[in-house]
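Comments concern the structure below.
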Amino acid sequence: MSSPLRTYEPRDRGALYEVCLRTGDSGADATGSFTQPALLGEVYVGPYLALEPELALVLDDGAGVGGYTLGALDTRAFEERCEREWWPPLRERHPLGAYPRGSADAAVVELIHRPARAPEVVVAGHPSHLHIDLLPRWQGGGWGRRLIEGLLDRLAAAGSPGVHLGVGVRNPRAVGFYRHLGFTELLAVGDTLFLGRSTHT
Ligand SMILES: CC(C)(COP(=O)(O)OP(=O)(O)OC[C@H]1O[C@@H](n2cnc3c(N)ncnc32)[C@H](O)[C@@H]1OP(=O)(O)O)[C@@H](O)C(=O)NCCC(=O)NCCS
């Protein structure tokens, strides 16, 4: 069988939004929490596919795309492009206050209107960042490692010295995975741990 790991293609977009939602509750399925199933993907998947598709890797065994890693080479430049190109139409479509206060939808809309900016101390030595999500049937088989290594190779080839990510402290499995792969703690802010490592494998 040929490798299921390949570069993203535009036809994968819907499947990636679905994977994001089905792993969006600290690694567990967040489907039941949202009335708008695409909202989470609009924040954590869409801008990467639109702005840095060459850094998007997917797992596809013919039964559908079941995992991905997404990257941004230069986090500050990415944040600025999102501000110009990605957030404005989403803000029009999802105004603040459109969903009940305290709902999952409202929390994501808040992020669309006030996107998180990576802390300076995190970006300084680790200018790139990544996201990774695999559906349960892909987990625990080495595919997370292969995706991360594939992305690190691309980031290194593009000249990035280091990559960071944010992970919730309520997702100890993911924290253990990243630490095992050589990521170390850069900063803790509230419930979020920022971890980073060199792009050189
Ligand atoms: C977290 C996640 C990306 C890990 O991917 P995975 O495919 O399950 O992990 P792998 O099988 O590739 O594991 C790679 C290595 O890490 C190790 N590892 C995995 N989880 C670990 C943990 N919690 N603690 C210590 N080591 C761990 C594995 O033993 C393996 O070691 P080896 O390669 O040296 O033999 C995946 O489980 C996932 O997508 N979970 C749901 C979504 C999620 O939480 N995403 C992260 C949001 S920040």
Side-chain angles (χ1 to χ4, degrees), residues 1 3-6 8 12 15-34 37-49 52 55-61 63-72 75 78 104 107-108 111 115-119 122-123 126 128-155 162-201:
M1 190 185 98
S3 170
L5 200 165
R6 62 167 170 79
Y8 160 78
D12 304 325
L16 268 61
Y17 272 53
E18 178 79 20
V19 172
C20 178
L21 182 63
R22 286 175 58 193
T23 55
D25 179 9
S26 296
D29 194 345
T31 307
S33 306
F34 288 90
L39 260 183
L40 209 52
E42 296 283 28
V43 172
Y44 293 109
V45 175
Y48 300 87
L49 302 183
E52 313 223 22
L55 293 179
L57 303 176
V58 305
L59 295 172
D60 177 9
D61 59 1
V65 170
Y68 59 76
T69 188
L70 307 171
T75 296
F78 179 80
V108 176
L111 282 176
R117 202 176 137 81
V122 167
V123 172
H126 303 83
S128 305
H129 76 270
L130 67 81
H131 295 286
I132 182 169
D133 289 308
L134 279 63
L135 290 181
R137 73 186 174 91
W138 284 97
Q139 295 171 12
W143 290 106
R145 175 191 274 282
R146 291 183 195 101
L147 282 171
I148 293 279
E149 288 175 352
L151 179 59
L152 290 174
D153 286 348
R154 289 180 183 213
L155 292 173
V163 62
H164 74 266
L165 58 89
V167 57
V169 292
R170 281 189 289 270
N171 192 349
R173 177 183 183 172
V175 174
F177 164 77
Y178 293 129
R179 288 194 192 280
H180 185 77
L181 264 55
F183 286 81
T184 57
E185 186 170 333
L186 302 173
L187 185 69
V189 183
D191 285 349
T192 303
L193 274 182
F194 288 95
L195 306 176
R197 63 158 281 177
S198 156
T199 55
H200 295 284
T201 48

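Remember, predicted model here, so these are calculated numbers, not experimental data. All ligand and atom numbering here is 1-based and tracks the order in the structure.
The side chain of N171, and not its backbone, has at least one atom closer than 4.0 Å to an atom of ligand 1 (non-hydrogen atoms only; side chain from C-beta on). If you look at Y178 next to ligand 1, the close heavy atoms, those under 4.0 Å, all belong to the side chain.
Using modelled atom types, one side-chain atom of H164 and one backbone atom of H126 make a donor-acceptor pair closer than 3.5 Å.
Residues in residues 191-201 take part in these side chain to side chain donor-acceptor pair (under 3.5 Å) pairs, two or more places apart or across chains: D153-T201, R170-D191.
Closest protein heavy atom to atom 25 (C) of ligand 1: G176 O, 3.5 Å. When hydrogens are left out, the protein atom nearest atom 11 (O) of ligand 1 is G142 N, 2.8 Å; that is the closest non-hydrogen contact. Among protein heavy atoms, the minimum distance from atom 39 (O) of ligand 1 is reached at L134 N, 2.7 Å. Protein heavy atom at the shortest distance from atom 35 (O) of ligand 1 is H180 NE2, 4.6 Å.
There is no protein heavy atom closer than 4.0 angstrom to atom 29 (O) of ligand 1.
Other residues, nucleotides and ligands place more than 12 heavy atoms under 6.0 Å from the CZ atom of F177.
In this structure, the ring of Y48 has its center less than 6.0 angstrom from the ring center of H129.
Checked by distance only, ligand 1 and G140 come closer than 3.5 Å through their nitrogen or oxygen atoms.
Residues that satisfy the side chain to side chain donor-acceptor pair (under 3.5 Å) test with S128, not counting sequence neighbours, are S160.
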